[in-house]
Visitor: 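Following this message is one structure expressed as structure tokens.
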Amino acid sequence: ADHITALDHLGAFNPQHLSNMTWAFAKAESSHPGMFGKVADHITALYDLGAFKPQELSNMTWAFAKAESSHPRMFGKVADHITALDHLGAFNPQHL
């Protein structure tokens, strides 16, 4: 995780990488506020979240909640993205 926080940016990470990484840390109960903060800052800086699949958004937001890593701007961006969708057909009950 220290390697990730030392990077200038997370542009080389695709949505699945970010989702898997945060999920793994949360699942292992390995708190790393710096890494979660870096990911949250990256997500909020993105123009939009259209590249994220519903499962990736779900896993990532679960991971932040499980790790007790509060980042209101990131959660707000995810919520704004979901509410702006025309429909939630791509989301199954597990994603929600």
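We're numbering straight along the sequence, starting at 1.
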Visitor: Quick one: pull up CG in L49 and OG1 in T44 and give me the separation to the nearest 0.5 Å.
Guide: 9.5 Å

Visitor: Quick one: list whatever passes ring pair (Phe, Tyr, Trp, His ring centres under 6.0 Å) with H42, sequence neighbours left out.
Guide: none

Visitor: Roughly how far, to the nearest 0.5 Å, is the CD atom of E29 from the NZ atom of K66?
Guide: 5.0 Å

Visitor: So which pairs with a foot in residues 16-26 pass salt bridge (Lys or Arg N to Asp or Glu O under 4.0 Å), sequence neighbours left out?
Guide: none

Visitor: Please work out which of the three classes, parallel, tilted or perpendicular, describes the rings of F75 and F64, given edges at 30° and 60°.
Guide: perpendicular

Visitor: Looking at residues at least two apart in the chain, or sitting in another chain, which of them share a side-chain contact (heavy atoms from CB on, under 4.5 Å) with S70?
Guide: P72

Visitor: Which residues pass the side chain to side chain donor-acceptor pair (under 3.5 Å) test with T61, sequence neighbours left out?
Guide: none

Visitor: Mind checking what makes salt bridge (Lys or Arg N to Asp or Glu O under 4.0 Å) contact with D41, not counting sequence neighbours?
Guide: R73

Visitor: According to a hydrophobic-cluster definition based on side-chain heavy atoms being under 4.5 Å apart (Ile, Leu, Val, Met, Phe, Trp, Tyr only), do M60 and M21 belong together?
Guide: yes

Visitor: Can you tell me if H71 uses its side chain to pair, donor with acceptor, with the backbone of M74 under 3.5 Å?
Guide: no

Visitor: I need the minimum non-hydrogen distance between F36 and A26, along with the two atoms involved.
Guide: CZ-N, 4.3 Å

Visitor: Mind listing the closest non-hydrogen atom pair of E56 and A51 along with its distance?
Guide: OE1-O, 3.9 Å

Visitor: Under a 3.5 Å distance rule, please check whether T83 uses its side chain to pair with a backbone N or O of A79 as donor and acceptor.
Guide: yes

Visitor: Cluster question for you: counting only ILVMFWY and a side-chain heavy-atom cut-off of under 4.5 Å, with indirect links fine, are L18 and W23 together?
Guide: no

Visitor: Is Y47 isolated, or which residues cluster with it under the ILVMFWY side-chain rule of less than 4.5 Å, directly or via members?
Guide: none

Visitor: Tell me every residue that passes side-chain contact (heavy atoms from CB on, under 4.5 Å) with N14, counting only those two or more places apart in sequence or in another chain.
Guide: Q16, H17

Visitor: When rounded to the nearest 0.5 angstrom, what is the spacing between CD1 in I43 and CZ in F52?
Guide: 3.5 Å

Visitor: Go through the steps to decide whether F13 and V39 satisfy the test side-chain contact (heavy atoms from CB on, under 4.5 Å), and finish with yes or no.
Guide: CA-CA 10 Å; F13 291 81; V39 171; over 6 Å; no

